[in-house]
Amino acid sequence: MGRITLDKVTKSFGEVQVIPPLDLTIEDGEFVVFVGPSGCGKSTLLRLIAGLEDVTSGEIRIDGRNATETPPARRGLAMVFQSYALYPHMSVRKNIAFPLRMAGLEKAEQDRRVVEAAKVLNLTDYLDRRPGQLSGGQRQRVAIGRAIVREPAAFLFDEPLSNLDAALRVGMRLEISELHERLKTTMIYVTHDQVEAMTMADKIVVLRAGNIEQVGSPLDLYHTPRNLFVAGFIGSPKMNLINGNAAKQHGASTIGVRPEHLRIVPEGGLWTGTVGVSEHLGSDTFLHVHDTGLADVITVRAEGEVGLRHGDTIHLTPREDKVHRFDEQGGRVA
Amino acid sequence: MATQHSRSAARLMISPAVILLLGWMLIPLALTLYFSFLRYNLLMPGTNPFVGLENYSYFLSDPAFTAAMVNTLLLVGGVLVITVVGGILLALLLDQDIWGQGVVRILVIAPFFVMPTVSALVWKNMFMNPVNGLFAHLAEFLGLSAFDFLSQAPLASIIGIVSWQWLPFATLILLTAMQSLDSEQLEAAEMDGAGPLSRFWFIMLPHLARAITVVVLIQTIFLLSVFAEILVTTNGGPGTASTNLTYLVYAESLLRFDVGTGSAGGVVAIILANIVAIFLMRMIGKNLDA
């Protein structure tokens, strides 16, 4: 079980309030991703849940029990740190067994669980090595192993992949998703990478300056961003945000069109511009269009290859049903 | 860079320093070795005949030698235990966020800047003096009779004085080591259910192992040659109760004017120091490997 409820939780460091009153419910078995730009308070929020920081006011409930004052070790949560935080002087086996040893489990039971965890994480061959002799991905797996042997109510991940190279990150992303499928345990995952958020989450929590901007499934956030911030943050390449007359024609202060919802038409499109840099990915081409009079640059995603070169004129038409409208406060207009 | 020419130029450039250093070390060493084979007493001037190993057998069979050996080991061992344990505890305290942290840290380091003769004299006259010392006053205040530290427990007193001097050094090194510990490791251990004592034992102490090694090695080198503290407090006495090897060599050559035996003692001290060094490196040197 791992249902976590935050009730009007706030956190201040001295005079500065980094988390204004915040309510959030995380259901049992959910994979929740906290995402936001750096400094938005997502790591602080995770540390509040872990108990590594004390809440200033409000209540944290784990499975209905008030855990606000419970020390971290007795909350039944396990955390994977950004730096992995492995114990460098212990072998992998001892690292993974450490929480069990602290819990005073029998040696045989410790061994059994360590071996089991190592099998799940493909670490069996490395059990007698020190963390210093492992690669980044292996260290990451040891850190996860140390978390899973405790059989916690929920896993907390604090930007666990940000120290890995791009290829390894994709692999570990899959492994963590796989692990979630198998264990069905609640996982809370903090990242600043919206791709990680989109691919892994059951539920994304977008944070800005300690405020929850929107909570929803990845596709909810993609299709109906509640405000300009979420619209700009979710999606890659970023949504084109257009002010001025073009927006007024749509009856909004700002409109947003995703690069994949702009069609290139031979003649007489709604908007015209000059092609700048085009990025060829093979499957897709990202065109950066200038001089449209709408914004500095408009990004267009075209499928496959496009016969347009630097300096060519391009005509564009947005898919009307995919235009997002926002009012002056940045809120969504239905 | 490494052409024949530049290499010979480099050799030429460093040769003054090398020659100076060699001269500085080799000439005294050679002379000491030479004197140790002569009957050379300043009270009997004249010929200094070659006597072979007589000085050595005289020095090694002297009952004072065994006492001095034991005292040297007790002094080094005692100070090491006190400074390492005390240093870890002090470093733990200083690592906390407290008001006036900077001032407190400077105060802790202060004893290291007091030269040995001065600190020993301060301890001898202001603290341990059985009539005027602070400890005597304290004992009197509590209704006890004053304890004459330097005659009742001379070696322990000197261990105390030397520990007081070296505690700041150990504290400083251990404090910096403690500050280099990744706080996420401690947090991870906290999440893993380790209490404060377990965190100290399983995470902090192993992290400090290397710093402790450095403290032990450096202090051993200096503690083997403690001299000033003994000279200004007990003069090695009563009897030989606080004579260490360094002081014994001094007593032979400059109090008994026997340069030959003194030199033999010096050579013995060098050999013993190296034996200690080899054992130390064997025992704890592996901590220094990366």
Side-chain angles (χ1 to χ4, degrees), chain A residues 14 43 46-53 70-91 94-105 110 130-133 139 142-160 163, chain B residues 84-85 87-88 91-92 95-102 173-217 280-290:
Chain A
S43 283
L46 192 76
R47 292 167 61 85
L48 288 175
I49 296 173
L52 294 172
E53 303 277 358
T70 313
R74 286 203 265 123
R75 294 191 184 196
L77 308 175
M79 185 149 167
V80 176
F81 291 83
Q82 183 174 4
S83 67
Y84 319 136
L86 300 178
Y87 312 128
H89 53 278
M90 298 182 196
S91 65
K94 285 194 173 160
N95 260 286
I96 297 177
F98 189 72
L100 305 176
R101 190 169 162 201
M102 288 298 111
L105 247 67
Q110 283 184 28
R130 296 272 179 104
Q133 298 163 307
R139 285 183 212 186
V142 176
I144 294 172
R146 201 172 58 185
I148 63 175
V149 284
R150 296 180 54 197
E151 296 171 2
F155 290 95
L156 311 177
F157 292 93
D158 188 6
E159 306 212 17
N163 287 346
Chain B
V84 169
V85 173
I88 291 173
L92 274 174
D95 200 24
Q96 313 295 320
D97 279 321
I98 47 165
W99 187 81
Q101 205 170 32
I173 302 255
L174 294 170
L175 177 62
T176 49
M178 211 169 273
Q179 283 169 343
S180 75
L181 176 59
D182 180 12
S183 64
E184 284 199 345
Q185 263 182 46
L186 289 175
E187 286 175 350
E190 198 179 344
M191 299 278 309
D192 283 347
L197 278 179
S198 300
R199 287 207 290 277
F200 173 75
W201 186 256
F202 290 109
I203 312 296
M204 286 183 127
L205 215 50
H207 177 78
L208 289 181
R210 192 179 294 193
I212 292 174
T213 311
V214 170
V215 168
V216 169
L217 281 177
L280 265 183
M281 293 303 278
R282 278 272 174 79
M283 275 192 297
I284 57 179
K286 65 177 190 299
N287 273 342
L288 292 177
D289 299 336

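Everything numeric in this text was worked out from a predicted model, so none of it was measured. Chain letters run A, B, ... following the sequence lines, proteins first and then strands; every chain starts at 1.
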Q. Shortest non-hydrogen contact from B/Glu190 to A/Leu52?
A. OE1-CD2, 3.9 Å
Q. In terms of heavy-atom pairs under 4.5 Å with chain B, which of A/Gln82, A/Met90, A/Arg150 leads?
A. A/Arg150
Q. Quick one: CE on A/Met79 to CD on B/Glu184, what's the gap to the nearest 0.5 Å?
A. 7.0 Å
Q: Give, for atom CD of B/Gln185 and atom NE2 of A/His89, the distance between the pair rounded to the nearest 0.5 Å.
A: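 Those atoms lie 7.5 Å apart.
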Q) With A/Gln110, which residues qualify under side chain to side chain donor-acceptor pair (under 3.5 Å), at least two apart? A)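 Side chain to side chain donor-acceptor pair (under 3.5 Å) list for A/Gln110, sorted by chain: empty.
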Q: List the steps and the verdict of side chain to side chain contact (heavy atoms under 4.5 Å, CB included) for A/Phe81 and B/Asp182.
A: CA-CA 11 Å; A/Phe81 291 83; B/Asp182 180 12; over 6 Å; no
Q: Evaluate the criterion ring-ring contact (aromatic ring centres under 6.0 Å, His included) for residue pair A/Phe98 and B/Phe202; output intermediate values, then yes/no.
A: CA-CA 9 Å; A/Phe98 189 72; B/Phe202 290 109; 5.7 Å; yes
Does any heavy atom of chain B fall under 4.5 Å from the side chain of [X], the backbone, both, or neither of them?
| X | value |
| --- | --- |
| A/Leu100 | neither |
| A/Ala103 | neither |
| A/Arg101 | side chain |

Q: Let me see the working for B/Glu187 and A/Arg47 under side chain to side chain contact (heavy atoms under 4.5 Å, CB included), right down to the final yes or no.
A: CA-CA 10 Å; B/Glu187 286 175 350; A/Arg47 292 167 61 85; 2.6 Å; yes
